[in-house]
Amino acid sequence: ADAAAAAAAEEAAAAMPPERIERPARPPELLRSDGGAMCGAGAFDQRLADDVAGGESGCQRSLMHRFNFASDLLDRAAEAGEKGIVVLFTWFRFMAMRQLVINKNYNIKPREISAAQEKVTVRLARIYRDRPELREIVRVTLATIGRGGNGAVGQRIRDEILDVQKRNNCKGGMMEEWHQKLHNNTCPDDVAICEALLEYIDGGLDISKYWARLAKDRITKDRLASYDRRITSEPSFRGDQCAGLRRDLREYLKTLKAVHSGADLDSAAGAVLGYSQSSCKGVAVQVAPIAPVATAQLRKLLGLAQRGAEHARQGGDPVLALEPMIEARWELRPWTAFAGGADIGDKLKDVLYLDLALEGAVRTTIEGCLARVAEAWPGDAVRIAALALENLAMSSGANHELVLCLKQFRHAADAAAVASLASTGDEQRREWALLAKAAMDRLQRELASQSERWTAAVRAPAEGLGRRLHVAEAILAIFPEEVVRGGPAAPVAQLLRALDPLLRKLANLGAWQIISPVRASGRLACVDTLASVQLDTYAEATVLLARHVGGDEEIPEGVVGLITTDTPDVLSHVAVRARNEKCFFASLMDPTVFDAISAMQGSVVLCSPSAAGDSVTVTRGGADAGGATDDAAASRPAAAAGIA
């Protein structure tokens, strides 16, 4: 009875919103980093890429062979600097995207894989420590592979699955096939398979839940059947097995994540704070805390972050998760930014993985609350955007412009807080909204600049190495965008998209948001959605006027300009493509101006963004702005048309 009461009390406490933390008042300048950023030149070490491609056939035997080969190349890559590390990053990224063969005619013990993997991550962490100019590219390289571990941690993958099967009487079918695959060659796919089994159980044994979870990681029936130890059966559990399997698979998931999922928050926190797992085959796991790092304050912040994340998932205030997540990253700064932290040797890689996990948790929290942000009071949305920007600045090298943007955002958030408490009129509300909009516009320009830098940095090595490795052309085409959209800048861009119409309305601003500011001339075609024509080819230069653009569409061949009433974020697929292909792209929020432009359908038009980047004129026949009289409705002065 006492145990039941204690469990009930614990459950009730977990359901309560976490406490709001008091954050120290730190100047944004403390985040400034003058080096460590990708230069974006696009150069790469061709000889190293040749060696990677030449060694790929041997790496296909197992992940142990791949990681051992990578370890042999690391010194050369570091000596070549960014040109070398970017080759390894691209190679690992292809592996993470499941574009490379990870097992062919070879049986390998999990402990040998985890030990080889740890050797690579430890050496990458040393490069991060010793070569500050490479920190940004090393950081994203670490994010493509799991943390690895010592032999005991890896061996547990092999041993524990047998106990799971025995305890729950599931020794045949899919579970036996998976068991054989785990014994033969475990890989990151096993994390997704375990999570898919849990979703199948939690979904009332609905098999579609299993396949939906696998699809998130690009794991198909064909991929499952491609392993040396093939998985061709679907799970088929009985109702009376579910409780035990749920308990045991959740515990087994911790074992899998300890090796394969470096950026999982629970697993990464355990590696720093310490954890234990009960004996399996006579061997228990006991990971000691990293003494200088695992402080009581860090432990408290991580607990609040995890509770806050759950609270946000249930519709609660995301700030209760974001603030402790970012404050926990500040606790790690002495080691991630080398600001006076005690030497922790090879444990640095565990601290870096915890920092990556916190960065990712911020992203997940923001993506889960975007719909609520769009409906929130703009002042709250600005404060959330400032937290997301702080998260980005912590992860970025050469971040001077980001730090200045953060300073502006905080100033706007403070002004919004004052305005919310006072009895202010429209002019006062407009004033702080203008402050926030100025900060937002400056930040969007910087995000676009970062996107172009990363695209330039990874496109050439991706194409050069990818074709040697027989990576699908469709993957190579989107590789740079996937890198950009997979980073900490993406949630910031998504927040700005939600925030922009709120600020425009509050500040009574103009109609245009310019995403790709180039002049364009072509025949105007009006469509309802970009998706409906994305696979079309236009025989002549065309400007599309599309009411709906989601952000994931392709720009049709022959299109030189795109205007929409939607507001895709600056790092969306279509926005990145528009900038890379020098295609004019802008959002138009004034329906009157939109209708005036649509009346020119079939005519050749010229789209001219202003020098200030805050308005656009669209004229018929390629005339200069302010040309033909019948274009006046579309190109009239900003004060009259609301275009500025």
Check whether any side-chain N or O of [X] sits under 3.5 Å from a backbone N or O of [Y] as a donor-acceptor pair, and report yes or no.
{"X": "Ser33", "Y": "Gly397", "result": "no"}
{"X": "Asp350", "Y": "Ala271", "result": "no"}
{"X": "Tyr353", "Y": "Leu142", "result": "yes"}
{"X": "Arg363", "Y": "Pro491", "result": "no"}
{"X": "Gln494", "Y": "Glu367", "result": "no"}
{"X": "Ser396", "Y": "Ala393", "result": "no"}
{"X": "Gln99", "Y": "Ile475", "result": "no"}
{"X": "Asn103", "Y": "Tyr106", "result": "yes"}
{"X": "Thr529", "Y": "His548", "result": "no"}
{"X": "Arg579", "Y": "Val570", "result": "yes"}

Flag if over 12 foreign heavy atoms under 6.0 Å of [atom1], [X]:
{"X": "Glu133", "atom1": "CD", "answer": "yes"}
{"X": "Arg223", "atom1": "CZ", "answer": "yes"}
{"X": "Glu79", "atom1": "CD", "answer": "no"}

Distance-minimising heavy-atom pair for [X] and [Y]:
{"X": "Pro568", "Y": "Ile515", "answer": "O-CD1, 3.8 Å"}
{"X": "Ser521", "Y": "Val543", "answer": "C-CG2, 4.4 Å"}
{"X": "Thr144", "Y": "Ala96", "answer": "O-CB, 3.7 Å"}
{"X": "Leu256", "Y": "Asp190", "answer": "CD1-O, 3.5 Å"}
{"X": "Asp45", "Y": "Ala80", "answer": "OD2-CB, 3.5 Å"}
{"X": "Met325", "Y": "Ala309", "answer": "CE-CB, 3.9 Å"}

Please report the interatomic distance [atom1]([X]) to [atom2]([Y]), rounded to the nearest 0.5 Å.
{"X": "Thr186", "Y": "Tyr227", "atom1": "OG1", "atom2": "OH", "value": "9.5 Å"}
{"X": "Ser449", "Y": "Leu443", "atom1": "OG", "atom2": "CG", "value": "11.5 Å"}
{"X": "Lys109", "Y": "Ser114", "atom1": "NZ", "atom2": "OG", "value": "12.5 Å"}
{"X": "Tyr128", "Y": "Leu134", "atom1": "OH", "atom2": "CG", "value": "11.5 Å"}
{"X": "Ile478", "Y": "Leu476", "atom1": "CD1", "atom2": "CG", "value": "9.5 Å"}
{"X": "Arg47", "Y": "Lys83", "atom1": "CZ", "atom2": "NZ", "value": "13.5 Å"}

Determine whether Phe585 and Ile555 satisfy the following criterion, side-chain contact (heavy atoms from CB on, under 4.5 Å), listing intermediate values before the conclusion.
CA-CA 10 Å; Phe585 185 20; Ile555 297 175; over 6 Å; no
4.5 Å side-chain heavy-atom contact, [X] and [Y]:
{"X": "Leu447", "Y": "Leu496", "answer": "yes"}
{"X": "Met97", "Y": "Phe479", "answer": "yes"}
{"X": "Thr336", "Y": "Leu348", "answer": "no"}
{"X": "Ile108", "Y": "Leu63", "answer": "no"}
{"X": "Ile193", "Y": "Ile231", "answer": "yes"}
{"X": "Val560", "Y": "Phe584", "answer": "no"}
{"X": "Glu56", "Y": "Trp91", "answer": "yes"}
{"X": "Val140", "Y": "Arg93", "answer": "no"}

Validation: residues 458-471 side-chain donor-acceptor distances under 3.5 Å, sequence neighbours left out:
unit_1: Arg467; atom_1: NE; unit_2: Glu473; atom_2: OE2; d: 2.9
unit_1: Arg467; atom_1: NH2; unit_2: Glu473; atom_2: OE1; d: 3.3
unit_1: Arg468; atom_1: NH1; unit_2: Asp50; atom_2: OD1; d: 2.8

Salt bridge [X]-[Y], side-chain N to carboxylate O under 4.0 Å:
{"X": "Asp528", "Y": "Arg547", "answer": "no"}
{"X": "Lys209", "Y": "Asp202", "answer": "no"}
{"X": "Lys257", "Y": "Glu195", "answer": "yes"}
{"X": "Arg98", "Y": "Asp217", "answer": "yes"}
{"X": "Lys181", "Y": "Asp189", "answer": "no"}
{"X": "Glu401", "Y": "Arg445", "answer": "no"}
{"X": "Glu553", "Y": "Arg577", "answer": "no"}
{"X": "Asp264", "Y": "Arg147", "answer": "no"}

Test Gln60 against His65 for side chain to side chain donor-acceptor pair (under 3.5 Å), laying out the working first.
CA-CA 8 Å; Gln60 292 178 355; His65 293 85; over 6 Å; no
Give a yes-or-no answer on whether the side chains of [X] and [Y] include a donor-acceptor pair shorter than 3.5 Å.
{"X": "His183", "Y": "Gln180", "answer": "no"}
{"X": "Asp222", "Y": "Thr220", "answer": "no"}
{"X": "Asn185", "Y": "Asp228", "answer": "no"}

Go through Leu224 and Glu177 one step at a time and tell me if the side-chain contact (heavy atoms from CB on, under 4.5 Å) criterion holds.
CA-CA 10 Å; Leu224 293 174; Glu177 292 172 351; over 6 Å; no
Ile326 and Met394: CA distance, side-chain angles, deciding distance, side-chain contact (heavy atoms from CB on, under 4.5 Å) verdict
CA-CA 9 Å; Ile326 293 168; Met394 283 182 162; 4.1 Å; yes
Criterion side-chain hydrogen bond (donor to acceptor under 3.5 Å, both in side chains) against Ser395, the qualifying member of Glu136, Glu359, Arg135
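When side-chain hydrogen bond (donor to acceptor under 3.5 Å, both in side chains) is applied between Ser395 and each of Glu136, Glu359, Arg135, only Glu359 qualifies.
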Check step by step if side-chain contact (heavy atoms from CB on, under 4.5 Å) holds for Leu358 and Leu332.
CA-CA 10 Å; Leu358 287 163; Leu332 302 179; 4.0 Å; yes
Would you call the rings of Trp178 and Tyr252 parallel, tilted or perpendicular, taking 30° and 60° as the class edges?
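Plane angle over 60°, so perpendicular.
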Specify whether Phe67 and Phe92 have parallel, tilted or perpendicular ring planes, treating 30° as the upper limit for parallel and 60° as the lower limit for perpendicular.
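It falls in the tilted class, 30° to 60°.
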